[in-house]
Amino acid sequence: MILDTMVVGPLQCNCTLLACEKTFEAVLIDPGDEPQRIISELDRQGVTVKYLLHTHAHFDHIGGTKGVKEKTLAPICLHKGDESIYKMLSAQGQMFGMQFEEPSPIDKFISDEEILSFGQHRIQVIHTPGHSPGGVCFKLLDGAEQVFSGDSLFSGSIGRTDLWGGNFDQLIQSIKTRLLVLDDDIRVYPGHGPTTSIGQEKRNNPFLR
Ligand SMILES: [Zn+2]
Ligand SMILES: [Zn+2]
């Protein structure tokens with residue numbers, strides 16, 4: 001497995017490339033900004049992107065999607081619950097003082113527990129609403145499972161719930177029932193900041209006591 005994280009944009013979104021080391025088929029999670037830099041990295045790694053996956057539709061996670069899509073032609077995948085937030089990309093940008101073009105159409109709606117394959121690997125969708133209605137995490141189903149938690153769960157914190165459709169109680173519920181039930185030693189790769197583990201968050205995250 002090739003796992004390559006690029007920190008992109010002013011909000012420092014973790015954009016993660018996961019690629020099969022045998023077939024070089026890949027998925028790209030949250031191309032939030034700097035599409036040219038991401039495309040250069042895809043070329044350097046020699047991978048073919050099969051899916052453009054998004055943990056949710058906030059601008060810092062989808063801002064580079066259009067540029068990467070135009071180059072890779074990979075389908076844009078998003079949970080249906082975030083469709084309206086995705087379509088209001090330029091309004092999101094205005095609120096944060098940034099300009100965006102109209103987003104490219106969503107190609108594929110992904111749903112809870114759906115499994116997508118790339119090369120010899122598989123990744124599963126876990127719907128974790130609360131930070132946004134269509135927020136999801138992605139769990140790799142390889143021997144050593146890893147979770148990509150978007151802005152649902154951070155190391156020592158959780159995502160904000162004051163943006164469009166956010167709901168604090170729902171987010172806590174999502175994390176407790178969908179993430180903390182996983183094995184303690186599973187590595188967690190949040191949408192911002194450092195990696196952590198399920199066990200570490202269970203023990204130390206002040207929001208989850
Ligand atoms: Zn977000
Ligand atoms: Zn974010």
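Side chains included, hydrogens not; waters and symmetry mates left out as well; all remaining heavy atoms used. Treat the numbers as computed from the prediction; the structure is a model and nothing was measured. Counting convention: from 1, in listed order, for ligands and their atoms alike.
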Exercise. Got a sec: is Asp30 within less than 2.8 Å of the Zn ion (ligand 2) via an N/O/S atom?
Worked result: no

Problem set entry | Name of the Asp60 atom (N/O/S only) found closest to the Zn ion (ligand 2) | OD2

Exercise. Where does the angle between the aromatic ring planes of His131 and His58 fall among parallel (under 30°), tilted (30 to 60°) and perpendicular (over 60°)?
Worked result: perpendicular

Exercise. Would you say the side chains of Asp112 and His127 form a donor-acceptor pair under 3.5 Å?
Worked result: no

For this session: Decide, counting backbone as well as side-chain atoms, whether Asp151 has an N, O or S atom less than 2.8 Å from the Zn ion (ligand 1).
Result: yes

Exercise. What N, O or S atom of His131 is found closest to the Zn ion (ligand 1)?
Worked result: NE2

Exercise. Can Asn14 and His192 be counted as having a side-chain donor-acceptor contact under 3.5 angstrom?
Worked result: no

Exercise. From His58, does some N, O or S atom reach closer than 2.8 Å to the Zn ion (ligand 2)?
Worked result: no

Exercise. From His56, does some N, O or S atom reach closer than 2.8 Å to the Zn ion (ligand 1)?
Worked result: yes

Exercise. Do you see a donor-acceptor pair shorter than 3.5 Å between the side chains of Ser132 and Asp82?
Worked result: yes

For this session: Go through the steps for Phe100 and Phe59 under the test ring pair (Phe, Tyr, Trp, His ring centres under 6.0 Å), then give the verdict.
Result: CA-CA 9 Å; Phe100 293 101; Phe59 73 91; 5.7 Å; yes

Exercise. For Thr196 and Glu201, does a side-chain donor sit closer than 3.5 Å to a side-chain acceptor?
Worked result: yes

Problem set entry | Presence of N, O or S from His192 under 2.8 Å of the Zn ion (ligand 2) | yes

